[in-house]
> 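Next up is a structure, given as structure tokens.
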Amino acid sequence: MSGPPRSVVIVGAGFCGTVLAVNLLRLAHGQPLHIILIERAQFARGLAYSRLRYPYLLNVPAGRMSATCEDPDEFLAFARRSHADAAASDFLPRELYGEYLESLLRSAERRGAPGTVLQRICGVAVAIERHHRRLGFTVHMADGRSIGAGNLVLATGNPAPAALPGAERLRGSARYVADPWQAPPRFQPGESVLIVGTGLTMADVVLAGLPADGRRVQLHLLSRRGLIPAAQTPFVAADSLAYRDTLLSDAQTSVSLVRLSREVRRLAQELAQGGDDWRTLITAIRKLAPELWQRMPARARRRFVTHLRPYWDVHRHRIPASTAATLDRLQQDGQLKVHAARVLGFEPAGQQIRVHFQPRGRHPSASLLVHRLINCTGPDYDVTRTRESLLRGLLAQGLVSADPLHLGLVTDSLGRLIGASGSATPNLYYAGPLLRARDWESTAAAELRVHAQRLAQHLSATHAGIAHDIGTIVSAPQWRAGAVDTSRISVIA
């Protein structure tokens, strides 16, 4: 093994950043490799698998949650060390999954290939400077440190939810929860709560917020269509090839959204009539989704996002049967009401909040008084609205570009970020849910672990000729906001 050490700096150590680092540590490289993993919170956990007071459950059975491609039972085997009776069909705590990722990273670090070194840095990356005369970047940290990078991978996870329309009037109010993952709420007995958004985040917030003693609360759920995720059932493996000829033949140069929708409904009805589970079809379509999405014309993609995405989401992103049963029980006893409506605005009303909304299909607007308002609209994938200085700076420099449908960042098949010029920015990559702009399905372990493995193999095979100083850390505060050339470096907001 010879030559100068190359470096890969990974910003974000949640699922994607951690699994990418694990894959890099397991590979044999042609020369020394320095991996730097930057995380603002808990390494190998991110926000999704952090230690919280409530035992949030995974939405996917344990038997399908391996973080690596080689061993599909890896997570289940780990879980059985502390949960001896865990089954492949069980929905286990997310905190346990975080322990699994931590263990995976430690093991890969101990057994790493010769010449491969992992360094963990706790802190917040706030700006990126591209080296114009040589390959590589400098990552600037909030505390003043600067980190050199030969190859740079953004793995920053899910973005925060978008601000609710009119919520600026509630800024600073303890009764408004703008991001439930930053401040998980606990409902008070007797209070009324409006939750905007009826997807997976809503289900988590409802279960975690209910009073432990079973006392009543009044919950209102509001979304444009008032759709609640379907319940999971025992997993049945799907043969995507069996459906491919119907949904996507090689003779097709593009995919018709009308034909695709018609065929999916027909196939689902045939399954139901035969006593089979429609979820098998959804699983098969997931495997075909990247090819379907990439063959779909831009106009059809836009129509899907505008009109059909909510229906796909509630069938694709399902919840454990126990969670669905709790939501159903709350509806049956009147503690939970679902509104299909559009938010018009909010205003303080003494110790309460007055919510104005437009019910779906009805012209007169309506209002509702609640004690608390929670934004559960889920991640905002429109990066043009991001509040993260790191992404804003990259967009301003033209090193990355936003997907026109506001689904994430524009990348190529390897995850290389495409700049404003339409070309890939050398040595700059992305791993995470914002890949949905290219592949549509990119939010679950099943898809993201494949991408992490593919990207690690690419980075291992790439010989960038990076100088020795790339990958080093300047400990002294040499950078601060306001002391940079803003034409080249993003700045703190």
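The figures here come from the full heavy-atom set of this structure, side chains too, leaving out hydrogens, waters and symmetry mates. The residues of the chain are indexed from 1 along the displayed sequence. Just so it is clear, the structure is predicted and the values come from calculations on it, not from any experiment.
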> Could you check whether any side-chain heavy atom of N158 comes within less than 4.5 Å of a side-chain heavy atom of L47, counting everything from C-beta outward?
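Side-chain contact under 4.5 Å: no.
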> Donor-acceptor pair, distance only, cut-off 3.5 Å: does the side chain of S254 make one with the backbone of M296?
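Side chain of S254 to backbone of M296, a donor-acceptor pair under 3.5 Å: no, none is there.
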> How about W440 and F304: are their ring centroids closer than 6.0 Å?
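Yes, close enough.
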> With the side chain counted from C-beta on, respond yes when L207 and T323 share a heavy-atom pair under 4.5 Å apart, and no when they do not.
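The answer is yes; the side chains approach within 4.5 Å.
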> Do the side chains of F137 and E129 get nearer than 4.5 Å, heavy atoms only?
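E129 does not reach F137 side chain to side chain.
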> Got a sec, which pairs hit side-chain hydrogen bond (donor to acceptor under 3.5 Å, both in side chains) with one end in residues 76-98, sequence neighbours left out?
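Residue pairs passing side-chain hydrogen bond (donor to acceptor under 3.5 Å, both in side chains), neighbours aside: R94-D204.
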> Can you list every pair that meets side-chain hydrogen bond (donor to acceptor under 3.5 Å, both in side chains) and has a residue in residues 61-70, with sequence neighbours left out?
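Pairs touching residues 61-70 that pass the test: T68-E74, E70-Q453.
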> Check this for me, if you would: do E102 and R45 make a salt bridge, where the nitrogen-to-carboxylate-oxygen distance has to be below 4.0 angstrom?
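Here E102 pairs with R45 in a salt bridge, since their nearest N and O are under 4.0 Å apart.
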> How far does CZ of R106 sit from CG of L118, to the nearest 0.5 angstrom?
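Here the interatomic distance stands at 12.5 Å.
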> Whether the side chain of T280 engages the backbone of D277 through a donor-acceptor N/O pair (distance < 3.5 Å, no angle test) should be reported.
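Confirmed, T280 side chain pairs with D277 backbone.
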> Do T411 and Y429 have side chains that approach each other closer than 4.5 Å (heavy atoms only, starting at C-beta)?
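No; the side chains remain at least 4.5 Å from each other.
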> Quick check for you: to the nearest 0.5 Å, what is the distance between L409 atom CG and L154 atom CG?
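Result: 7.5 Å between the selected atoms.
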> Measure the spacing between CZ of F78 and CG of L92 and express it to the nearest 0.5 Å.
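It is 11.0 Å, given to the nearest 0.5 Å.
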> Can you check whether R387's main-chain N or O pairs, donor with acceptor, with R392's side chain at less than 3.5 Å?
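Flag set: sc R392 to bb R387 pair under 3.5 Å.
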> May I ask you to test the L37-Q119 pair for a side-chain heavy-atom distance under 4.5 Å?
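Side chain of L37 against side chain of Q119, heavy atoms only: no contact under 4.5 Å found.
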> Just to verify, which of L27, L33, L455, N23 counts as forming a side chain to side chain contact (heavy atoms under 4.5 Å, CB included) with S460?
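Passing option: L27.
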> For R26, does the CZ atom sit with more than 12 other heavy atoms under 6.0 Å from it, leaving out its own atoms?
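Yes - once you tally the heavy atoms of other residues, nucleotides and ligands closer than 6.0 Å, there are more than 12.
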> If I take atom CG from residue L434 and atom CG from residue L407, how far apart are they, to the nearest 0.5 angstrom?
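Output value for this atom pair is 9.5 Å.
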> With a 4.5 Å heavy-atom cut-off, do R171 and E168 have their side chains touching?
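In short, these two side chains touch, coming nearer than 4.5 Å.
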> Could you tell me whether R454 atom CZ has more than 12 heavy atoms of other residues or ligands within 6.0 Å of it?
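Yes, because the 6.0 Å sphere around CZ of R454 holds more than 12 heavy atoms from other groups.
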> Just wondering, do L58 and L96 contact through their side chains at under 4.5 Å, heavy atoms?
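No; the side chains remain at least 4.5 Å from each other.
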> Below 4.5 Å, heavy atoms only, C-beta onward: do T138 and H140 meet side chain to side chain?
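Of all side-chain heavy-atom pairs linking H140 with T138, at least one is under 4.5 Å.
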> Using modelled atom types only, decide if a donor and an acceptor are shared between the side chain of S401 and the backbone of V410 within a distance under 3.5 Å.
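Looks like no, no N/O pair under 3.5 Å.
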> With a 3.5 Å cut-off and no angle check, do the side chains of S442 and H451 form a donor-acceptor pair?
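No - no donor-acceptor pair under 3.5 Å links their side chains.
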> Step by step, work out the side chain to side chain contact (heavy atoms under 4.5 Å, CB included) result for I38 and V139.
CA-CA 10 Å; I38 301 173; V139 180; 4.2 Å; yes
> Are the aromatic rings of W278 and H315 close, with centres under 6.0 Å apart?
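Ring centres of H315 and W278 closer than 6.0 Å.
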